[in-house]
Amino acid sequence: MDSILVTGNGPLNGQIPIAGAKNACLTLMPATLLSEEPLTLTNAPRLSDIKTMTALLQSLGAEVSSLQDGQVLAMSSHDLTSQTADYEIVRKMRASNLVLGPLLARFGQAVVSLPGGCAIGARPMDLHVEGLEALGAEIELKDGYLHAKAPGGLEGAVHEMRFASVGATENIVMAATLAKGTTVLKNAAREPEIVDLVECLRKMGAQISGEGTSTVEIQGVDRLHGATHQVVTDRIELGTYMLAPAMCGGEVELLGGRMALVESFAAKLDAAGVKVEETPIGLKVARKNGRVNAVDVVTEPFPGFPTDLQAQMMALMCTAEGTSVLEERIFENRFMHAPELVRMGANIEVHGGTATVTGVERLKGAPVMATDLRASVSLILAGMAAEGETTVSRVYHLDRGYEHVVRKLEGVGAKIERIKGQ
Ligand code: EPZ
């Protein structure tokens, strides 16, 4: 297994291009199942999760061609041969469950493995099932698989979700585009990736309104046609790299970044003493003074502070002036990066869903282990600001969500290299 060697190397300067959003692409790709006409995505990120979703769609009989070094995905699901998403693929990536709604809507049946737990939590699918059953689907759990059917097609309905689940919103909205009649989804998630999905579905002929608010209304149509859609910028990659100059000093411009994608995150950085300025081509970020100050964080559904930036923010708070309390309200076990940061000299106490971080002057490089996607990058950020060398192992987690991370950080002056595993 590869590892990454990082050496604290002082202020960073230059530009980092931000890729298309992993979490938008992972819901846009299954949307191809809704139509027999081709769907083409541009600005797709080059990530292992995208390869996993490609393999899943191909296992169903869809054609997926990766063009222009992976930045264009040309897909067609004209001749599907299966409606079963196998455990072998789904266990690797929970987002595989996003084929459930489209398969059910187009073919009236789907068999999708339950994803199983993952490092950050149990991550059940009850909210997906409740929403699709509200549309008339019959779903039963057998041998670890959800067996869903809607022989007479789905019927629009009014449904309020108990929690604003991102994936459940995506599955229900995609399914509702081909249901008979109108669906009103209440307490819908408001993430930019959902807005991007709706914009793509609208290009395919779907009748949807209210995306980005808590109430989304979908008028079912008989069929959807093909389209070409550009994947929205990745706000989590953006937020992650905004923390690089915040931790190391210097000034970095994140190309493609827009303030609207990271409003609450940028506000927190401003309170911590980090200046974020929107330029015509991106976001420019620099520390206001030598050391940031501690701020408290509570993770919430969009537009609140993103849970996917909690680990990275914790790395910043490790060397802040004062004490910061980070409350993780979305996942039940998303502090696995804390013990690794403690190995680097951080002062962190975790009690249940709350981590209390008392800033130290400087972290010390150490061998650490990545435990999940966002934890892996928070350790790299910490290593860039620490004294001495840090080796981050198990970087396959990183490859799921960050393309060319070494090249992008080297480009602004970081001392970082990938060490091939034996
Ligand atoms: C999406 O996951 C993202 N993944 C996650 O990003 C992100 O952390 C999460 O939304 C929250 O923003 C993709 O978009 C591919 P949820 P998702 O359904 O849809 C519970 C990353 O790092 N829940 O909003 O799975 C669940 O257990 C990944 O890129 C139920 O209880 O998130 C969790 O505690 C990690 N029942 C909470 O809701 C359900 O049926 C949020 O889950 C569904 C979810």
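Counting convention: from 1, in listed order, for ligands and their atoms alike.
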Query - is_close_aromatic(Phe305, Phe265), centroid dist under 6.0 Å - result: yes

Query - Within reach of ligand 1, part of Ser165 (heavy-atom separation under 4.0 Å) - result: both

Query raised in the report: Any N/O of Ala168 closer than 3.5 Å to an N/O of ligand 1?
Result: no

Report summary line: Closest heavy-atom approach to atom 11 (C) of ligand 1 among Asn23, Thr307, Asp49 is made by Thr307

Query raised in the report: For ligand 1, which part of Leu127 has a heavy atom less than 4.0 Å away: the side chain, the backbone, both, or neither?
Result: both

Requested in this report: Report yes if some N/O of Gly167 lies less than 3.5 Å from some N/O of ligand 1; otherwise report no.
Outcome: yes

Report task. Run the contact test for Arg334 against ligand 1 with a 4.0 Å cut-off on heavy atoms, strictly below, and give the result. Result -> yes

**Report entry** Nearest atoms (heavy-atom pairs only) where Ser376 meets Leu398
**Finding:** OG-CD1, 3.2 Å

Requested in this report: Would you mind checking if Asp126 and Arg162 are paired as a salt bridge, meaning a charged N to carboxylate O distance below 4.0 Å?
Outcome: yes

Query raised in the report: Is Asp308 close to ligand 1, meaning an N/O of one under 3.5 Å from an N/O of the other?
Result: yes

Query raised in the report: Between Lys408 and Glu237, is there a side-chain N and carboxylate O pair less than 4.0 Å apart?
Result: yes

Query raised in the report: Which residue pairs satisfy the salt bridge (Lys or Arg N to Asp or Glu O under 4.0 Å) criterion with at least one member in residues 42-54, sequence neighbours excluded?
Result: Lys22-Asp49, Arg46-Asp69, Arg46-Glu403, Asp49-Arg400

Query raised in the report: Is the shortest distance from atom 13 (C) of ligand 1 to a protein heavy atom below 4.0 Å?
Result: yes

Query raised in the report: Taking non-hydrogen atoms only, is Arg94 closer than 4.0 angstrom to ligand 1 via side chain, backbone, both or neither?
Result: side chain

Query raised in the report: Which residues pass the side chain to side chain contact (heavy atoms under 4.5 Å, CB included) test with Arg407, sequence neighbours left out?
Result: His404

Query raised in the report: Is there any N or O on Pro124 that sits under 3.5 Å from an N or O of ligand 1?
Result: yes

Query raised in the report: Which bit of Arg374 is near ligand 1, meaning a heavy atom under 4.0 Å away: side chain, backbone, both or neither?
Result: side chain

Report summary line: Checking heavy atoms under 4.0 Å, the part of Leu373 that sits near ligand 1 is side chain

